[in-house]
Number of protein chains: 4
Amino acid sequence: MNTTAADRGREARRRLLEAAAELIAERGWAAVSTRMLAERAGVAPGVVHYHFSSVQALLTEAALAVMHDLIEQAGAGMERAHTPGEALGLMIDFLTAYDGRDPVSLLFAETYLAAGRDEDLRRSLGEVVTDFRRALAGRLAEHQVPSPDATAAVLAAAIDGIMLHRALGPGPDATDLTAVLRRLVAPTEPGPPAKEQGDTP
Amino acid sequence: MNTTAADRGREARRRLLEAAAELIAERGWAAVSTRMLAERAGVAPGVVHYHFSSVQALLTEAALAVMHDLIEQAGAGMERAHTPGEALGLMIDFLTAYDGRDPVSLLFAETYLAAGRDEDLRRSLGEVVTDFRRALAGRLAEHQVPSPDATAAVLAAAIDGIMLHRALGPGPDATDLTAVLRRLVAPTEPGPPAKEQGDTP
Amino acid sequence: MNTTAADRGREARRRLLEAAAELIAERGWAAVSTRMLAERAGVAPGVVHYHFSSVQALLTEAALAVMHDLIEQAGAGMERAHTPGEALGLMIDFLTAYDGRDPVSLLFAETYLAAGRDEDLRRSLGEVVTDFRRALAGRLAEHQVPSPDATAAVLAAAIDGIMLHRALGPGPDATDLTAVLRRLVAPTEPGPPAKEQGDTP
Amino acid sequence: MNTTAADRGREARRRLLEAAAELIAERGWAAVSTRMLAERAGVAPGVVHYHFSSVQALLTEAALAVMHDLIEQAGAGMERAHTPGEALGLMIDFLTAYDGRDPVSLLFAETYLAAGRDEDLRRSLGEVVTDFRRALAGRLAEHQVPSPDATAAVLAAAIDGIMLHRALGPGPDATDLTAVLRRLVAPTEPGPPAKEQGDTP
DNA sequence: CATGAATGAGATTTCATTCAT
DNA sequence: GATGAATGAAATCTCATTCAT
């Protein structure tokens, strides 16, 4: 049962993608070099360009793979949620797991910025984010949260923004943040009825 | 009344800072090079290192200057606000002005990420963000918004997150987002009393 | 039977070491540049840093190789000497061959000084010198020269010092110097016995 | 009693020479730069080229001044010596004071090597060394040391060589070295008369 | 399928020196 | 007499990529 050449090739490719995801977070998108990738993956430098047309292409593929996995995982979590509060709880758990300086958060942020300078990446990333927002909005709508689309957008943005800010130093803890975020998904708006759509006083 | 050598020096320094702020947004923090800076500022390459100890130092100084100005401007706006809604309106105006792909938004995002890899920058940037959050929280507290600190943190994070997301493509428009964000600062929480502090469901 | 890529690599590396040894002597340790090395070795500039981690590393390896060879050669000569005088004669021959302004002498001197500013080099060079002194001391001890260690140290130092001085201009000729140096290794100490203290045998 | 402009000029010149002597030892002849000199001397960069025609000229003047002082001091010491042994003792004291890694020793060595690449410096330095050897030889001759010229040359060379070697690490201590060096100046040559040939008087 | 030597451009930074003030 | 801004060359080193093997 010996490994074929093709097996080794696949393995090398896989390790390169892994290395790319790590290095984007560690060094920043623009600072990842062919040699770094090769060394981290344990392959010769030439292998990088054998498997990928360019370093950019490798980074893009690696980043999208990670983000896709994560979104899918988040989406699956939401499927199981019975109330908006529960769904929100799941998102808060993400906040607890990803503190803004962990590899995944950094990969996200780096990819956001890189997308601003790479058309293909922007399109792909846009799809990922849109998918997530749509799934979240659907969930919110089911539970009568008003303005589900805008709410989902704000929630998703707040999550990412909180990650960014946390990277800079300690802020309010997750418990307090949760309480505030919950206001966004309160199912009904009592008292002086701030009727949802479109006004600036 | 002719220009002295010192005048020319100051002018060159100023132009370099200006060029740095532009280029961070256009090319990304790590991709800004000495030559690009010199060319954009209209000075000889050697001048960059005459005025600044390193390219990093120049980028850092330029980015912090821009962010400081912006925060100050935002703070001044809030001083004039009479209600949380009004203050929020001002922030929304920012969202309208800065659409996530404009130079200022990109400078913000780039600086956030660069801060993750530069201790000095992280500290300085942390101060700027903290100052802003504090000012905002003060405003909210005056108007009986519950949990003013956490609310301010979420609001600030949401603003930055929305900018990031908008860079990827169109989302809900500013009007809708405003309405949702307003929930965060509703002065009282009637009905089923979601008592503010410290709970995870 | 054509040359492989590996062969060419080895050859390029070898030529760089050769060029480094020449240039240290010609221009001085601190004045040897990447470009000079590449040009002299007949390779592209980038090749220097492909084969060596830094110019310093290349210079160090080159210098130590030359010195190691020379010491070994000197040691082998001493193996064949039957009396201290004969051994001394061999060393004098070195003095005749290396007049203080030849590449080898200059390489020695440059390396001594560079060692003062590079920890690794200092350690390596110290070992080379110690080895030589030890070999010389052993030879002296076999022939009943008193204080063989200190004598060896003085002899080795005198040789190097003479080289340095000769670089400045003509001094006494080798024959005269030999006669004086011979006093150091006279097997017995007649007259008022300057009793030697504290030698480690 | 205020300082005139001329006074300040002289003071700046003096401080630059002082700084040059220090920096040659610390960084090596070829690594001393205009900016380093200006900073160490506490003057503006332009002042260096105002007082000296080039950095090389400044270094040369500074090095020769230090060496001249030292030789003069050593010569004065020898004037007071009554026997070769006493004179030798003085030289040994130098060995104790200058351990091969102190500023003065390093300045000497750096200057020796720089002299190999600068005609003017070589000539000037040659004179300094020759003067010293001549003074030493005169002293030895007065005390019937045979071959006084060659002996002086060997002694001077051994001193410098010992300094160089000591910079690399510990060797025999000064006491042991003294005992060995003393053999060189033993007033008579007993036993098999190694008849000294060809000394230049 | 993989290698690793090579390339030439370009990165940051430091340099000695000049010159207008 | 002194200044300090500016210059343009050159320093070291890293880069993505190519290609012969």
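All values reported here derive from a predicted model rather than from experimental measurement. FYI, side chains are in, hydrogens and waters are out, and symmetry mates aren't considered; it's all heavy atoms of this structure. Letters A, B, ... are given to chains in the order of the sequence lines, protein chains preceding strands, and every chain is numbered from 1.
We find that CG of A/Leu37 is positioned 16 Å from P of F/dT14, with the value rounded to whole Å. To the nearest angstrom, C1' of F/dT21 lies 14 Å from CZ of C/Arg10. Rounding to whole angstrom units, CH2 of residue D/Trp29 and C1' of E/dA16 are separated by 16 Å. Across the protein-nucleic acid pair, C/Leu23 atom CG and F/dT12 atom P stand 11 Å apart, rounded to whole Å. Note: CD (B/Glu39) to P (E/dT12) measures 13 Å, nearest angstrom. The CG-P distance, from C/Leu16 to F/dT12, rounds to 13 Å in whole Å.
Within residues 47-59 of chain D, the residues approached by DNA chain F to less than 4.0 Å at the level of any non-hydrogen atom are D/Val47, D/Tyr50, D/His51, in residue-number order.
Looking at which nucleotide of DNA chain F each of C/Thr34 and B/Pro45 is closest to, the 5′-most match is held by B/Pro45. Nearest-nucleotide positions on DNA chain E for B/Ser33 and D/Ala30 put B/Ser33 closer to the 5' end. Toward the 5′ end of DNA chain E lies the nearest nucleotide of C/Ala12, the other residue of the pair C/Ala12 and B/Met36 mapping further downstream.
Between A/Glu110 and B/Arg117 a salt bridge is recorded (basic side-chain N to carboxylate O distance below 4.0 Å). At a threshold of 4.0 Å, the pair D/Glu119-D/Arg123 counts as salt-bridged, since one of the basic side-chain nitrogens sits closer than that to a carboxylate oxygen. Salt-bridge formation is detected for the pair A/Glu61/A/Arg13: a Lys NZ or Arg NE/NH1/NH2 atom is positioned less than 4.0 Å from an Asp or Glu carboxylate oxygen. Taking 4.0 Å as the cut-off between side-chain N and carboxylate O, D/Arg15 and D/Glu11 count as a salt-bridged pair.
Separation of atoms CZ (B/Phe108) and CG (B/Asp102) is listed at 10.0 Å; rounding is to 0.5 Å.
Comparing E/dG4, F/dG4, E/dT17 by their closest approach to the side chain of D/Ala44 singles out F/dG4.
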Intra- and inter-strand pairs of DNA chain F in dot-bracket (Watson-Crick or G-U wobble, both distances under 3.5 Å; | for another strand): .||||||||||||||||||||
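Close to E/dA11, at under 4.0 Å from its OP1 or OP2, lies a side-chain N or O of B/Arg35.
Closest non-hydrogen pair, A/Gly116 versus A/Arg122, comes out as O-NH1, 3.3 Å.
Environment of CD in A/Glu39: sparse, with no more than 12 heavy atoms of neighbouring residues, nucleotides or ligands closer than 6.0 Å. With a 6.0 Å radius and a threshold of 12 heavy atoms from other residues, nucleotides or ligands, C/Arg40 has its CZ atom above the threshold.
For D/Arg35, there are no salt bridge (charged side-chain N to carboxylate O under 4.0 Å, His left out) partners, not counting sequence neighbours.
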